[in-house]
Amino acid sequence: MSGPLEGQRVAFLVAAEGVEQVELTEPWRVLAEGGAHPVLVSTGVDQIQAFNHLDRADKFNVDRQVKDVSEDDFDALVLPGGVANPDQLRTDERAVALVREFFDAGKPVAVICHGPWTLVEAGVVAGRRITSWPSLRTDIINAGGHWVDDELVRCDCGPSILLSSRKPDDLPAFCEAIVGEFAERGAAL
């Protein structure tokens with residue numbers, strides 16, 4: 001499918017279990033419809049278990065293992081939420097390093113809900129405006145970030161663009177922003 005994101009490879013970094021399904025599938029869908037090639041990257045499993053809040057939802061096949069990729073393989077990164085997903089990711093040294101690589105390379109990163117826990121662990125929150133699920137507010141502030149309660153926050157500080165949203169209800173704005181930002185980034189290459 002062609003579109004404004006034609007040829008872009010977008011990593012969706014998730015743990016083995018606990019990703020909020022709609023925070024994975026909706027951004028994935030709009031990016032694919034825009035012509036991007038989404039890639040499911042995970043932490044050492046062949047299939048992940050998604051959730052609808054606390055209830056098991058669908059399983060998804062993993063495209064690449066985090067140990068086998070680098071930011072060089074992708075144009076952008078999406079970090080979906082779910083409580084358990086980022087809690088597991090932030091304990092995986094390679095996943096945390098991959099997140100840091102995207103920021104160091106100045107590539108766009110989009111994160112939603114509890115996803116910023118991984119950013120906190122990667123040490124990339126300091127000095128950035130960001131939103132999240134409200135329970136992460138203190139963690140973000142303690143990591144030096146400026147937490148705001150908005151549907152969508154675009155932070156253009158440092159070499160990387162960071163897009164963040166709070167929850168599944170924010171997905172329409174989040175999805176529109178990532179398509180626009182990733183398309184703009186691709187046009188600049």
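Note that the structure is a prediction, hence the values are computed from the model and not measured.
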Are [Y] and [X] co-members of a hydrophobic cluster defined by side-chain heavy atoms under 4.5 Å apart?
| X | Y | result |
| --- | --- | --- |
| Phe60 | Phe51 | no |
| Val120 | Phe102 | yes |
| Leu119 | Val66 | yes |
| Val22 | Leu163 | yes |
| Leu40 | Val10 | yes |

- request: Could you tell me whether the side chain of Val109 reaches within less than 4.5 Å of the side chain of Val124, counting heavy atoms only?
  value: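 No - every pair of side-chain heavy atoms lies 4.5 Å or more apart.
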- prompt: Heavy atoms, side chains only, cut-off 4.5 Å: are Leu24 and Phe12 in contact?
  reply: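 Yes, side chains in contact.
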message: Determine whether Asp73 and Val39 satisfy the following criterion, side chain to side chain contact (heavy atoms under 4.5 Å, CB included), listing intermediate values before the conclusion.
response: CA-CA 10 Å; Asp73 299 324; Val39 179; over 6 Å; no
For [Y], does its backbone N or O pair with a side-chain atom of [X] as donor and acceptor, under 3.5 Å?
| X | Y | answer |
| --- | --- | --- |
| Thr131 | Val148 | yes |
| Glu101 | Glu71 | yes |
| Glu17 | Ala50 | no |
| Arg94 | Val69 | yes |
| Glu181 | Ile161 | no |
| Glu23 | Gly81 | yes |
| Gln65 | Thr43 | no |
| Ser132 | Arg166 | no |
| Ser42 | Val14 | yes |
| Asp150 | Val153 | no |

query: Could you walk me through whether Leu89 and Val96 pass the side chain to side chain contact (heavy atoms under 4.5 Å, CB included) check?
result: CA-CA 7 Å; Leu89 284 178; Val96 171; over 6 Å; no
- prompt: Which class fits the ring pair His114 and Trp133: parallel under 30°, tilted 30 to 60°, perpendicular over 60°?
  reply: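 Judged by the thresholds at 30° and 60°, the geometry between His114 and Trp133 is parallel.
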- request: Can you spot which of Pro27, Ser164, Pro168, Ser165 makes a side chain to side chain contact (heavy atoms under 4.5 Å, CB included) with Ile112?
  value: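 Answer to the side chain to side chain contact (heavy atoms under 4.5 Å, CB included) test with Ile112 among Pro27, Ser164, Pro168, Ser165: Ser165.
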Taking all non-hydrogen atoms of both residues into account, name the closest pair between [X] and [Y] and its distance.
| X | Y | value |
| --- | --- | --- |
| Val99 | Ala122 | CG1-CB, 3.9 Å |
| Val111 | Gly115 | CG2-C, 3.3 Å |
| Pro38 | Asp63 | O-OD2, 4.2 Å |
| Cys113 | Pro116 | O-CD, 3.2 Å |
| Ala95 | Leu13 | O-CD2, 3.9 Å |
| Pro159 | Phe103 | CG-O, 3.6 Å |

Would you give the length of the straight line joining atom [atom1] of [X] to atom [atom2] of [Y], rounded to the nearest 0.5 angstrom?
| X | Y | atom1 | atom2 | value |
| --- | --- | --- | --- | --- |
| Phe174 | Asp170 | CZ | CG | 9.5 Å |
| Leu136 | Asn142 | CG | CG | 11.5 Å |
| Leu162 | Ile130 | CG | CD1 | 5.0 Å |
| Ile48 | Asp46 | CD1 | CG | 12.0 Å |
| Arg129 | Ile140 | CZ | CD1 | 12.0 Å |
| Glu93 | Glu121 | CD | CD | 9.5 Å |

- prompt: Can Gln21 and Asp58 be said to form a side chain to side chain contact (heavy atoms under 4.5 Å, CB included), step by step?
  reply: CA-CA 8 Å; Gln21 182 161 314; Asp58 297 326; 2.8 Å; yes
field: Working for side chain to side chain contact (heavy atoms under 4.5 Å, CB included), residues Asp75 and Phe182
entry: CA-CA 8 Å; Asp75 300 294; Phe182 293 3; over 6 Å; no
message: Atom CZ of residue position Arg64 - does it have more than 12 heavy atoms of other residues, nucleotides or ligands inside 6.0 Å?
response: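 Counting other residues, nucleotides and ligands, CZ of Arg64 exceeds 12 neighbours.
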task: Using the side-chain hydrogen bond (donor to acceptor under 3.5 Å, both in side chains) rule, pick out the option among Asn85, Asp87, Asp139 that qualifies with Trp117.
output: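 For Trp117, the side-chain hydrogen bond (donor to acceptor under 3.5 Å, both in side chains) test succeeds with only one of Asn85, Asp87, Asp139, which is Asp139.
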